[in-house]
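Here's the structure, in structure tokens; my notes come after.
Note that these values count all heavy atoms, side chains included, but never hydrogens, waters or copies made by symmetry. Note that this is a predicted model, so its numbers are computed, not measured. Throughout, protein chains are lettered first and strands after them, A, B, ... in sequence-line order, and every chain is numbered starting at 1.
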Amino acid sequence: MELVEESPYRFRIDRHGPMRVPGVVFAARALLPDLGEDRSLDQVANVATLPGIVGAAYAMPDVHWGYGFPIGGVAATDVAAGGVVSPGGVGFDISCGVRLLAADLTRADLPRLREALLDGLDAAVPRGMGRGEVWQLTDRAELDAVLRGGSRYAVERGHGVAADLDRCEDQGAVGDADPAQVSDRAVQRGQGQVGSLGSGNHFLEVQAVDEVYDEPTATAFGLRTGQVCVMVHSGSRGLGHQVCTDHVRAMERVMPRYGIEVPDRQLACAPVDSPAGRAYLGAMAAAANYARANRQLLAEAARRVFARVAGARLDLVYDVSHNLAKLETHPVDGSPRRLCVHRKGATRAFPPGHPDLPADLRPVGQPVLIPGSMGTSSYVLTGVAGAPAFASTCHGAGRVRSRRQATRTVRGQDLRRDLAARGVAVRGTSWRGLAEEMPEAYKDVTAVVDAAEGAGLCRRVARLVPLGVVKG
DNA sequence: ATGTAC
């Protein structure tokens with residue numbers, strides 16, 4: 001794999017073999033994957049072969065190996081030119097993403113409140129492998145309402161306020177969700193997990209704004225130095241996983257019908273404008289809405305705890321996905337084209353002035369929420385005009401050591417003690433799960449954000465530091 | 001990420 005350094009923070013993989021477009025990797029040298037053990041740049045080259053792909057196959061500074069597509073990847077296909085949609089370009093955790101809420105508390109309030117807040121959150125947040133739910137659904141009809149309405153349906157049912165929806169990507173619900181394309185098995189897995197955190201790198205964190213880089217933008221986002229925040233990182237649980245599994249299989253079956261050949265069967269895909277493509281996009285939107293409702297309910301659980309323990313309010317800053325495919329219009333070779341933009345471990349970052357942003361955010365751009373690894377900083381960024389990669393940026397730190405490697409290095413009990421000594425209180429459910437998330441298993445999120453900003457993908461607005469973390 | 005294998 002040959003990388004050509006085009007400019008600082010931008011490397012090119014020239015077209016070779018069946019690649020239809022080049023690959024572009026946004027990164028500092030130190031962040032590039034270890035070519036010996038991480039095949040993610042080969043995956044970038046593989047993605048570049050997909051029918052209808054335009055521009056380039058992009059990799060973000062947090063890129064690492066994933067299912068078919070790399071995690072930290074962006075690929076857009078031209079719908080009218082036979083462009084495909086691929087479940088592997090979204091990932092198993094459909095609409096996994098981040099929600100940030102700002103409290104009317106300052107850091108100085110925390111010493112007296114922290115343990116009680118974390119104990120309250122520990123009790124109020126269902127989490128861990130296979131476990132759910134804040135919200136007991138009565139039947140499939142109610143789950144279908146979640147799949148169609150996402151956060152909007154949760155708010156209609158009293159779980160939140162209407163103003164929340166202005167601070168959600170897609171006003172809280174992806175359009176054109178088709179619950180009929182969600183299998184009975186996916187429904188079965190999802191029925192008992194609505195309003196649950198999950199496991200792995202998912203978390204709910206109490207944080208403080210440690211540094212503001214852009215005061216006017218931070219103010220527009222509702223953030224100020226010293227403010228206490230809550231960050232939720234969660235996704236579509238077993239339901240999204242099953243939707244991905246089902247539709248990868250369905251696409252493997254129909255690919256020959258469209259004459260599509262891919263270098264890796266994990267790149268299974270179908271034209272956006274085909275029955276299989278539409279079926280996946282309808283199911284994907286439904287799973288995305290499940291994830292949105294999930295984060296809405298988790299935020300409500302946190303609000304109840306903050307109200308009871310501290311008499312404090314939590315206002316929504318923003319909710320945004322980093323695993324989704326979307327139909328968006330972007331210029332290609334100077335003319336606007338309808339594209340299917342796959343973002344897998346990549347965050348949409350609309351620039352100032354974008355018509356899809358609510359009026360109060362339009363002058364400053366879309367909030368982009370970047371969770372760090374456990375015990376490290378998280379960042380709030382914003383989109384910038386004229387950015388490459390179809391208004392996308394990084395999504396987090398990016399794993400560099402496997403879960404197994406991590407558990408061989410540290411015991412969960414020791415990690416929890418070390419974090420506590422550094423001022424980060426932990427409420428976990430699994431010692432092994434905790435060890436797997438050791439900060440050293442990830443890239444340095446600050447270096448990732450610096451590279452993303454240096455590459456012209458986004459701009460820093462604020463840095464948040466953890467005070468306490470609730471882990472699955 | 002995930003009923004960490006159907």
**Message:** Under 4.0 Å from OP1 or OP2 of B/dT2: is there any side-chain N or O of A/Thr245 that close?
**Reply:**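 For B/dT2, OP1/OP2 do not have a side-chain N/O of A/Thr245 under 4.0 Å.
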
**Request:** Would you indicate, yes or no, if B/dT2 has its OP1 or OP2 atom less than 4.0 angstrom from a side-chain nitrogen or oxygen of A/Arg237?
**Result:**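 True: A/Arg237 side-chain N/O within range (under 4.0 Å) of B/dT2 OP1/OP2.
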
**Prompt:** Could A/Arg152 and A/Asp164 be called an ion pair, given the rule that one side-chain N must be under 4.0 Å from one carboxylate O?
**Reply:**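 Salt bridge between A/Arg152 and A/Asp164, a charged N being under 4.0 Å from a carboxylate O: no.
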
**Asked** Using 4.0 Å as the upper bound for N to carboxylate O, is an ion pair formed by A/Arg403 and A/Glu437?
**Response**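 Here A/Glu437 pairs with A/Arg403 in a salt bridge, since their nearest N and O are under 4.0 Å apart.
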
Check every strand shown and say whether [X] touches a base, only sugar-phosphate, or nothing at a heavy-atom separation below 4.0 Å.
| X | value |
| --- | --- |
| A/Arg403 | sugar-phosphate |
| A/Gly235 | nothing |
| A/Gln193 | sugar-phosphate |
| A/Gly91 | nothing |

d([atom1], [X]; [atom2], [N]) in whole Å:
| X | N | atom1 | atom2 | value |
| --- | --- | --- | --- | --- |
| A/Lys344 | B/dT2 | NZ | C1' | 14 Å |
| A/Leu197 | B/dT2 | CG | C1' | 14 Å |
| A/Gln242 | B/dT2 | CD | C1' | 10 Å |
| A/Glu436 | B/dT4 | CD | C1' | 9 Å |
| A/Arg185 | B/dT2 | CZ | P | 17 Å |
| A/Gln191 | B/dG3 | CD | P | 15 Å |
| A/His247 | B/dT2 | NE2 | C1' | 17 Å |
| A/Arg189 | B/dG3 | CZ | C1' | 6 Å |

If we ignore angles and hydrogens, is there a donor and acceptor under 3.5 Å between the side chains of [X] and [Y]?
| X | Y | result |
| --- | --- | --- |
| A/Ser183 | A/Gln242 | no |
| A/Tyr442 | A/Arg399 | yes |
| A/Arg463 | A/Ser377 | yes |

**Item:** Among B/dT2, B/dG3, B/dT4, the one nearest A/His202 by side-chain distance
**Value:**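 Side chain of A/His202 sits closest to B/dT2.
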
**Prompt:** Of the nucleotides B/dT4, B/dT2, B/dG3, which has the atom closest to the A/Arg432 side chain?
**Reply:**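 The listed nucleotide nearest to A/Arg432's side chain is B/dT4.
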
